[in-house]
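To find a chain, count down the sequence lines: A is the first, B the second, and so on, and within it residues start at 1.
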Number of protein chains: 2
Amino acid sequence: MSTMPNPPTPPNPRQNHLLAVLPEAECEHLFPHLEPVSLKLGEALYESGDRLSHVYFLTTAIVSLLYVMENGSSAEIAIVGNEGIVGVALFMGGETMPNRAVVQSEGHAYRLKGSVIKQEFHRSGALQSLFLRYTQALLTQMSQTAVCNRHHTLDQQLCRWLLLSLDRLPTNTLKMTQELIANMLGVRREGVTEAAGNLQHAGLIHYNRGRVTVVDRPGLEARVCECYEVVRKEFCRLLPDVIAVSPWAVSSSQHQRRQTDRD
Amino acid sequence: MSTMPNPPTPPNPRQNHLLAVLPEAECEHLFPHLEPVSLKLGEALYESGDRLSHVYFLTTAIVSLLYVMENGSSAEIAIVGNEGIVGVALFMGGETMPNRAVVQSEGHAYRLKGSVIKQEFHRSGALQSLFLRYTQALLTQMSQTAVCNRHHTLDQQLCRWLLLSLDRLPTNTLKMTQELIANMLGVRREGVTEAAGNLQHAGLIHYNRGRVTVVDRPGLEARVCECYEVVRKEFCRLLPDVIAVSPWAVSSSQHQRRQTDRD
DNA sequence: CTCAGTCTGTACGCTATCGCACTTAGATTT
DNA sequence: AAATCTAAGTGCGATAGCGTACAGACTGAG
């Protein structure tokens with residue numbers, strides 16, 4: 001595995017963990033309709049209120065769900081990577097959502113026409129079960145974001161954000177400016193400067209002009225608030241089949257030293 | 001309509017708006033299994049991680065979904081009343097959730113064994129569509145809670161909370177101490193005292209030892225942040241059939257003066 | 001009526017974060 | 001090499017909410 005974040009790997013739908021665990025029968029219906037797309041940093045997959053045309057199965061890209069306020073400031077509600085789907089409103093039946101989906105880390109994805117997914121969704125047991133469970137996991141991430149915003153320090157929130165992002169990347173380097181991170185977390189850029197400075201002085205991360213590298217993941221995990229673990233555990237619980245094909249149950253529990261005294 | 005919050009009305013499943021809009025065919029399957037229950041203030045329908053035994057269709061009760069932190073402090077993630085369901089994890093497939101559901105306002109509900117709902121869920125088009133859309137609305141409420149926690153003042157959050165609660169009650173009086181409200185919002189009791197004091201001085205509410213009465217709803221709506229409207233509009237959009245039988249599309253848009261200049 | 005319990009009001013120092021202004025330092029272009 | 005731009009660091013007063021402590025007020029039980 002090289003250090004390049006997005007090497008020109010031949011894209012493969014199975015890089016998306018949800019697609020990876022779909023039974024063969026479902027795949028036969030779905031795969032012919034999958035359309036590979038390349039997602040650029042900052043691109044919006046949908047705007048608030050847009051009628052969605054496709055659902056996106058991310059493979060190497062990361063997408064943030066952002067709520068943009070009337071005055072223009074924003075807050076991230078959830079992060080989606082190759083563990084998930086962007087556009088749940090399509091099969092949830094709501095058609096639109098009151099938030100934006102923007103590419104946080106560029107990469108690839110496959111998309112599927114809304115009509116196709118809706119049709120499949122109504123006849124497919126495995127697909128439905130999988131998607132509903134994913135949605136519940138997403139729901140957990142959202143509610144935990146609310147909790148974290150209320151109770152935890154910016155340092156902790158940055159840790160959580162870094163870990164959530166890292167779990168969705170093949171490397172431990174994030175291409176991201178402090179300005180953008182601030183947008184995601186809904187705080188000032190200067191606040192991120194300070195928090196990131198703290199983490200760097202503690203030897204947990206290293207950063208430089210739009211690149212953040214996590215150098216001590218266990219250290220981050222020791223400093224993050226409980227929110228991260230809640231989200232991760234729910235993912236593992238709800239999507240064990242997905243986790244089996246995913247690197248991150250491992251990459252994350254390898255270092256669970258602080259857990260050993262609890263369960 | 002008397003001023004008593006929970007008069008001994010003969011309970012009726014149709015008081016729950018979701019049940020109210022289910023087609024006859026679905027009802028025939030479901031209603032025989034419905035069990036009326038009386039929910040006491042403070043009672044927990046489930047604890048974090050509990051395997052749910054029933055889904056609850058609230059009629060006159062209000063239930064808060066709370067996340068309880070390791071140190072014991074808590075934050076409300078969503079409010080559920082007769083517009084909704086408690087226990088979505090059952091049909092979402094996740095079985096449990098990492099939060100508590102506690103009764104915020106006592107009243108009645110009907111519950112349904114998990115096995116029944118799961119069985120119905122897999123053969124029922126209308127029921128499924130309805131529940132998925134409801135879940136998306138709930139999801140919006142959660143994400144908006146996250147946004148609100150990040151960006152808005154306690155005064156505004158209290159307004160939002162009051163309006164969300166009011167929408168789920170037949171009266172404009174809430175039986176609720178400042179202490180409990182503080183728990184819901186995840187803030188100090190003294191903070192609520194101050195915020196409530198502000199609203200009272202502004203002539204919007206009146207309160208007294210565990211009773212809050214909204215006396216100027218338009219005033220509250222003028223002071224609340226955008227979050228409330230986002231949630232309400234999503235509800236209306238996702239569940240128009242439900243809204244048709246509900247008082248609150250009306251009760252809430254009657255006073256939408258501040259909207260008239262926008263859309 | 002009194003007492004205990006609960007609910008609400010107030011005060012004060014503390015801290016995290018904000019908003020704003022400005023500087024420094026890499027990176028990119030010319 | 002100089003000019004320009006973007007990213008990151010710093011400083012400072014303002015403020016919202018916290019933690020703590022305590023005081024008043026209403027309620028219900030005896």
Side-chain angles (χ1 to χ4, degrees), chain A residues 41-42 69 71-76 104 146-162 173-202 204-213 223-225 227, chain B residues 41-42 69 71-76 104 145-162 173-202 205-213 223 225:
Chain A
L41 183 69
M69 307 212 308
N71 66 17
S73 60
S74 59
E76 188 179 59
Q104 177 200 312
V147 171
C148 204
N149 284 353
R150 162 62 64 219
H151 289 289
H152 298 133
T153 65
L154 184 43
D155 277 39
Q156 291 177 306
Q157 292 181 42
L158 179 58
C159 288
R160 172 177 62 87
W161 188 88
L162 286 171
T173 296
L174 263 148
K175 234 177 80 185
M176 185 114 266
T177 67
Q178 299 187 352
E179 177 84 42
L180 288 180
I181 297 178
N183 287 162
M184 302 289 174
L185 296 180
V187 298
R188 285 181 320 155
R189 197 264 314 158
E190 294 92 326
V192 174
T193 298
E194 192 184 335
N198 295 339
L199 297 185
Q200 177 152 278
H201 288 137
L204 307 181
I205 65 174
H206 175 74
Y207 62 93
N208 191 296
R209 287 189 78 74
R211 288 198 122 70
V212 187
T213 305
R223 187 183 277 231
V224 74
C225 51
C227 298
Chain B
L41 183 69
M69 307 211 307
N71 67 17
S73 59
S74 58
E76 188 179 58
Q104 178 200 310
T145 302
V147 170
C148 203
N149 284 352
R150 162 62 63 221
H151 289 287
H152 298 134
T153 66
L154 185 42
D155 276 40
Q156 292 177 304
Q157 292 181 43
L158 180 56
C159 288
R160 173 177 61 88
W161 189 88
L162 286 170
T173 296
L174 262 149
K175 234 177 80 186
M176 188 113 260
T177 66
Q178 299 188 350
E179 176 85 42
L180 288 181
I181 297 178
N183 286 162
M184 302 289 175
L185 296 181
V187 298
R188 284 183 322 155
R189 196 263 314 159
E190 293 89 330
V192 174
T193 297
E194 192 185 333
N198 294 340
L199 297 186
Q200 177 153 277
H201 288 135
I205 66 174
H206 173 74
Y207 61 93
N208 191 295
R209 288 188 78 74
R211 290 196 122 70
V212 187
T213 305
R223 187 183 278 232
C225 51

Colleague: On DNA chain D, nearest-nucleotide positions of B:Arg189 versus A:Gln178: which is more 5'?
Modeller: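 Final value for this comparison: A:Gln178.
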Colleague: Taking the axis from the first five pairs and the axis from the last five, what angle separates them in the helix from C:dC1-D:dG30 to C:dT30-D:dA1, rounded to 10 degrees?
Modeller: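 Axis angle across the helix from C:dC1-D:dG30 to C:dT30-D:dA1, nearest 10°: 30°.
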Colleague: Please examine the side chains of B:His152 and B:Arg160, heavy atoms only from C-beta on, and report whether any two atoms are closer than 4.5 Å.
Modeller: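 No. Closest side-chain heavy atoms not under 4.5 Å.
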Colleague: Give A:Val192 one of three labels, base, sugar-phosphate or nothing, depending on what nucleic acid heavy atoms sit under 4.0 Å from its own.
Modeller: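 No contact.
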Colleague: Over how many whole Å does the gap from A:Ile205 atom CD1 to D:dA8 atom C1' extend?
Modeller: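 Roughly 13 Å, once rounded to whole Å.
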Colleague: Take atom CZ of A:Arg150 and atom C1' of C:dT17, then tell me their distance rounded to the nearest Å.
Modeller: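 Interatomic distance, CZ of A:Arg150 to C1' of C:dT17: 14 Å.
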Colleague: Counting heavy atoms from C-beta on, name the nucleotide in D:dT20, D:dT10, C:dG9 closest to the side chain of B:Arg188.
Modeller: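 From the listed options, D:dT20 comes nearest.
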Colleague: Quick check: on DNA chain D, is the nucleotide nearest B:Val187 upstream (toward 5') of the one nearest A:Glu194, or the reverse? Name the residue that is more 5'.
Modeller: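 Per heavy-atom nearest nucleotide, the more 5' residue is A:Glu194.
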Colleague: Whole angstrom is fine here: how far is it from CG in B:Leu154 over to P in C:dA16?
Modeller: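 Between P of C:dA16 and CG of B:Leu154: 20 Å.
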Colleague: Please report, rounded to the nearest Å, how far the C1' atom of C:dA25 is from the OH atom of A:Tyr207.
Modeller: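 The answer, rounded to whole Å, is 13 Å.
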Colleague: In terms of side-chain heavy atoms of B:Thr193, which of C:dT8, D:dC18, C:dG26 is nearest?
Modeller: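 Nearest listed nucleotide: C:dT8.
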Colleague: Ignoring hydrogens and angles, does a donor from either the side chain of A:Arg209 or the base of D:dT6 sit under 3.5 Å from an acceptor on the other?
Modeller: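 Indeed there is one.
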Colleague: Using a 4.0 Å heavy-atom cut-off across all strands, classify B:Gly210 as base, sugar-phosphate, or nothing.
Modeller: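 The answer is sugar-phosphate, as B:Gly210 gets under 4.0 Å only of primed atoms, P, OP1 or OP2.
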Colleague: Let me know, please, whether A:Glu190 or A:Thr153 comes out on the 5' side of the other along DNA chain C by nearest nucleotide.
Modeller: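 This one resolves to A:Thr153.
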Colleague: If you compare all heavy atoms of A:Tyr207 against all heavy atoms of A:Gln200, which two are closest, and at what distance to 0.1 Å?
Modeller: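 Minimum heavy-atom contact is N-OE1, 2.9 Å.
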Colleague: Mind listing the closest non-hydrogen atom pair of A:Leu185 and B:Arg150 along with its distance?
Modeller: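 Heavy atoms of A:Leu185 and B:Arg150 come nearest at O-NE, 2.9 Å.
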